[in-house]
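Here the structure is laid out as structure tokens; the discussion comes afterwards.
Convention: sequence-line order gives letters A, B, ...; per-chain numbering from 1.
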Amino acid sequence: MKKQYLFILSFLFISLFSYSQSFNSTITVNGLTCAMCSFSTQKSLEKLDFIKQITPDLEKTSFEIVFDDTKFIDFDMIQEKVEDAGFFIGNIKINFDEKLNTSNNDHAVYNNNLFHFIMADNKNSSTYNLIDKNFISENDFESFSEFTSHACYLTGSHNESCCSNHENLVSKKVFHLEPDSE
Amino acid sequence: MKNFILFFFLFIGNIALSQELYINTEPASLIPKGTKVVRLHHHTIFLNEINEPGSVNLARLLIPSISYGISKKIMISASFQFSNNPFNPTPNFGFNGFKIYSKQRLISTDKKKYHTRVSSFIKYANHGKWNLPNYKFIINNYNLDFQDTGVEVGLIATQLVNKLAISVTSGFGIISNTTADGAYDDKNFNSIHNSISAGYLLFPRKYKSYKQTNFNIYLEYLTSTILSKNYPFRYNKFMSTFAPGIQFIIMSRSRLDFSYKIRGNEMPNEFIMKLTYIIY
């Protein structure tokens, strides 16, 4: 019995600490068909100061991105840089160090980013998809909208009426995640 | 020729990736914002007996150019031409004109390893230091890219379907017949340029690293047609050019292109080398 309590306690302890765990990202870029295209996209992404390291997977036309944990990660800027190079984001996956334990409409701060979890049908995972308006299709956005009444999903920014207790964050932006079903 | 085209398409039918960095035409895609592309062309035009006005039978053109991506939707480019004067028997080489070019992105849609691009372009060229009214590098032909003076506007569409990249360019040009000495040769005339280009990546078959040298093959068919009824008699109303080519992409930022242009109407053929380097 005691052992079980200890286990639960330690689990709670870990889950609290997991808020400071780091995350990296896998971005898939559409339309990349040549060496120069991928290299141009990488060079464009390298201009972002919150990106520490980029590893390309040229067959899958994706990039593994390691972030600078001390900075706010602006995924909108990632999209802008990919589009500057002439291409489009296919998907942004956020990979946490371990499996998260979140329920629908949970908000959590990881490093300097506020994330809002939208749990449609999928179970918890360590990999989440970015599902903000500009990153997914209109249809997908509408179907995810049914799972939240928070205004921040529409506006992309947190404020008092929507997501409280996040006043001390560097950015007003909140990014929305759903668990990756794969 | 038909057999060659058939062979070409059969040969490339099952290749994994395709290319659209065409040698003799511009693709509809733009260079990335803030990127500079420097390029050096070397053209060798094999002047034939009909067209050789003097004792020199080769025209050599050296064309340095620089392009810049102003935004994700607009790029500009400028090129300068240095060449020998094939109509003068004494050795000579010098500045012979320039071209400015701008391309604007209109439509851009992407899926995984699939994309559609439509762009518009505008081109102004002024060549003609060597070109006395009746002598051009290639008489009975006009081309704003290396001879003639004028302006051209047009559309480019590049589509990648089932691993096959095809680009179509259509341009409307007004060719001026003013030469550097101010002489006019008849009136200006209107023309259209149409071309279709295809390109494929042959190697590497598995794409793992930026350091792999890519080897691409290209096939391009270029036509020009004069629309005006009163055009100078020395021009052919219709000209077609068939241009096979190969390309090496080195370290994902340099390009070395070779192309041989086979012209119709017994016009001189041409060998082109291009060296391209991208500055990020």
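Contacts of Thr109(B) with chain A are made by backbone atoms alone, with heavy-atom separations under 4.5 Å and no side-chain atom involved. Ser254(B) touches chain A through its backbone: at least one of N, CA, C or O sits under 4.5 Å from a heavy atom, while the side chain does not. Contacts between Ser44(A) and chain B at a heavy-atom distance below 4.5 Å are absent for every atom of the residue. Of the two parts of Tyr210(B), the backbone and the side chain both hold a non-hydrogen atom closer than 4.5 Å to a non-hydrogen atom of chain A. Lys206(B) touches chain A through backbone and side chain together, each having a heavy atom under 4.5 Å away. When heavy atoms are compared at a cutoff of 4.5 Å, Ser108(B) approaches chain A by way of both its backbone and its side chain. Interface remark: Arg255(B) contributes backbone and side-chain atoms alike to the contact with chain A (heavy atom separation under 4.5 Å). With a 4.5 Å cut-off on non-hydrogen atoms, Thr41(A) does not touch chain B at all.
Here Glu83(A) is the residue among Glu83(A), Lys81(A), Glu46(A), Lys47(A) with the most heavy-atom pairs under 4.5 Å with chain B.
Ion pairing between a basic and an acidic side chain is recognised when a charged N comes within 4.0 Å of a carboxylate O; Glu270(B) and Arg263(B) show such pairing. Contact check on Lys123(B) versus Asp145(B) returns a salt bridge, with a Lys/Arg side-chain nitrogen under 4.0 Å from an Asp/Glu carboxylate oxygen.
Ring pair Phe147(A)/Tyr153(A): centre-to-centre distance not below 6.0 Å. Annotation: Tyr280(B) is in aromatic contact with Phe39(A) [ring centroid separation under 6.0 Å].
Using modelled atom types and a 3.5 Å distance limit, the side chains of Thr158(B) and Ser167(B) yield a donor-acceptor pair. Side chains of Gln104(B) and Ser120(B): a donor on one and an acceptor on the other come within 3.5 Å. Judged purely by distance below 3.5 Å, without hydrogens or angles, the side chains of Asn129(A) and Lys93(A) pair a donor atom with an acceptor atom.
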